[in-house]
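A short worksheet on the structure shown next.
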Amino acid sequence: MKGNEAIGEGAVRAGCRYFFGYPITPQSELTHYLAKRLPEVGRLYMQAESEVASINMVYGASGAGARVMTSSSGPGISLMQEGLSYLAGAQLPCVVVNMMRGGPGLGNIAPSQADYFQATKGGGHGDYHLIVLAPNSVQELVDIMKKAFDLADRYRNPVMVMADGIMAQMMEPVELDDQYQIEIQPKPWAATGKVDHEGKNLINSCYVIPEEMESLNFILRDKYSEINKNEQVCEEYQLDGADIVLVAFGTASRICRAVVEKARAQGIPVGMIRPISLWPFPADFIGTAANRVKCFLSVEMNMGQMVEDVRLSVCGKAPVYHYGRFGGMVPTVRDVLEEVKKIYSGGAGQ
Amino acid sequence: MRKVFSRPVSLKDVPFHYCPGCNHGIAHRLIAEVIDELNIQDNTIGVAPVGCSVFTMDYFDIDMFQASHGRAPAVATGIKRVLPDRVVFTYQGDGDLAAIGTGEFVHAAARGENITLIFINNAVYGMTGGQMAPTTLIGQKTKTSPQGRKHEVNGYPIKVCEMLPPLEGTAYVARVAVHKPKSIIQAKKAIKKAFEVQIKGLGFSLVEVLSACPTNWGLSPIEAVTWLEENMIPYYPLGEFKTPTAGVI
Ligand SMILES: Cc1ncc(C[n+]2csc(CCOP(=O)(O)OP(=O)(O)O)c2C)c(N)n1
Ligand code: SF4
């Protein structure tokens, strides 16, 4: 199965009933898949007039109680930022897929991880967080869609799934779970008409009185610390005896896996930590690893974004370096290995 | 004693924050009366805009959404697609609908989205303090057209009702005013018709309500209704622009 189809099938199996979106490469094949697949199972695929409209349709559908998603890339995700802020403020669940591409500006459609800051640090206005997940295989793309919808519902918060054009096009065998059970919890807060519930339900993020706005912020802050406590996820690879630890997610982590193997074969003790949740960032695991590691190298397809979170997690216990290719360029195994050797001979090896 | 006048059940018993002479309150009341008369309070969902009328979210005693500036028709689309048997309406000002939200209302109309838009045209941005709106008349002075709107600089006011009929998805389009008792009665008929069109599943409906904003027009409430009658109605003629059935209001 191709990555794009895997996300689509994952969403269908996760009980996503509505998709609203607007065409953009490199996520178009996902929309082609869903445009065919959703009506087959009696659900709705709808093309909106813009990403601004799509995210607001998502807001309406989510507030009406439905499992709903949209997907886009770079420029389209930027247009959704106001809507995402409203979704977070009104505490509405939804899933947004971002197939990142080279930027800034119109940039290109080549694979990139340049939207890390935008996704993990807010992106839109106001004080809020998205839950951000970064799979790195086609199987994980399928599985993470269920997780994304479940987390969104559990915490009443938008969830973003980050991937790129390489993962979208990648073909890998996938196991689909036929026994798949969807447990959608009731949503007593949904505004579905008073006929469904006692009193009046209101989907809203407007609090004119600062004290009331602050009360919502307190609720959000408590929720985010709960998420931060419960939902940090990462994968470790060959950490035993590793002096140098690569930190990489998504496509970059696949390259780094090969780097770890090559380096180990040459006697350099390298390991990898792969954040799967980008927000909450797996700070606890990295912070603990920092007690026994000589240095970290954050390998990213951007000018250096996640490296800031690695530094915060390491908290001065070890040096943290960055290696990146950007603008749609993908780091090669050889280049990263060179960088590892440079660091190793420059001190981490002694 | 027989009670002959009371608050519609679909309006909450809370004070409105609107300025004296503002027409938002009349429009609210008419919508609430229609909801009561059609007996749809429990299955109607409203979408409040960004603007003075953001507080419709608190005033109507029905389930409500607050939408971002201009996007109420997209939000209403999402709701209606999930809950096709509910009555879904938006309430939007002229800045909200005819400037920043131009894409959303045109495409909701083009899709024949089975929702109702109540469009309050007061020829000015109310909430942000009286700036020029897309519906501000030529020559009209606002905070951002202090010499009066000039078409050389700002183009011409948008006539929303005249734009919509060619779109096949539109079922009902009407322009009304609420500046005197006779027009209020006609306005209510149009709003009721729009809701009935939606209930019958006939497609997109929009009612434009010419509305006074005495505060930002710099006029007394009485001067404001006179100004509306003498200046707005000639440029924005009242009437039905598209109906699914024959007949005038
Ligand atoms: C994206 C965005 N841009 C601008 C604003 C500021 N803003 C708030 S209300 C408003 C104008 C509303 O005017 P109108 O739609 O005519 O409604 P009225 O207040 O006159 O009823 C604007 C521009 C905003 N809230 N969001
Ligand atoms: S500013 Fe104008 S539109 Fe707003 S409440 Fe006052 S009179 Fe009404």
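Below, chains carry the letters A, B, ... as their sequence lines are ordered, and counting in each starts from 1.
- Interface residue A:Val208: only side-chain heavy atoms are found under 4.5 Å from chain B.
- Looking at B:Ala76, neither its backbone nor its side chain comes within 4.5 Å of chain A, counting heavy atoms on both sides.
- Within 6.0 Å of atom CD in A:Glu40, more than 12 heavy atoms from other residues, nucleotides or ligands are found, so the atom counts as buried in its surroundings.
- Minimum heavy-atom separation, A:Asn56 to B:Ser68: OD1-OG, 3.1 Å.
- Within 6.0 Å of the OH atom in A:Tyr22, the count of heavy atoms belonging to other residues, nucleotides or ligands does not exceed 12.
- The distance from atom CZ of B:Arg71 to atom OH of A:Tyr86, rounded to the nearest 0.5 Å, is 9.5 Å.
- Interface remark: of the candidates B:Val50, B:Ile45, B:Val87, B:Val88, B:Ile45 forms the most heavy-atom pairs closer than 4.5 Å to chain A.
- At a 4.5 Å heavy-atom cutoff, the contact between A:Ser50 and chain B is made by side-chain atoms alone.
- Around NZ of A:Lys121, the count of heavy atoms belonging to other residues, nucleotides or ligands within 6.0 Å exceeds 12.
- Residue-environment remark: CG (A:Asp127) stays at or below the threshold of 12 foreign heavy atoms within 6.0 Å.
- Nearest approach of A:Ala64 to B:Leu83, heavy atoms of both residues: CB-CD1, 3.7 Å.
- Options B:Thr77, B:Thr44, B:Val106, B:Asn43 differ in how many heavy-atom pairs under 4.5 Å they form with chain A, and the most are formed by B:Thr77.
- With hydrogens and angles disregarded, a donor-acceptor distance shorter than 3.5 Å links the side chain of B:Asp63 to the backbone of A:Asn201.
- Within 6.0 Å of CD in A:Gln47 there are more than 12 heavy atoms belonging to other residues, nucleotides or ligands.
- Residue B:Lys12 touches chain A through its side chain alone, counting heavy-atom pairs closer than 4.5 Å.
- For the atom pair CG (A:Asn204) and CG (B:Asp58), the distance works out to 7.5 Å, reported to the nearest 0.5 Å.
- Atom CE of residue B:Met64 and atom NZ of residue A:Lys200 lie 6.0 Å apart, to the nearest 0.5 angstrom.
- Considering CZ of A:Arg17 and CZ of B:Arg81, their distance stands at 15.0 Å, rounded to 0.5 Å.
- Atom CD1 of B:Ile79 and atom OH of A:Tyr59 lie 9.0 Å apart (nearest 0.5 Å).
- With a 4.5 angstrom heavy-atom cutoff, A:Ala90 does not touch chain B via any of its atoms.
- Heavy atoms of A:Phe20 lying under 4.5 Å from chain B belong exclusively to its side chain.
- The two atoms that bring B:Ala74 and A:Ala53 nearest to each other are CB-O, 3.7 Å, heavy atoms only.
- With a 4.5 Å cut-off on non-hydrogen atoms, B:Arg86 touches chain A through its side chain but not through its backbone.
- Put simply, CD on A:Glu49 and CZ on B:Arg111 are 5.0 Å apart, with the number rounded to the nearest 0.5 Å.
- Looking at A:Leu202, both its backbone and its side chain come within 4.5 Å of chain B, counting heavy atoms on both sides.
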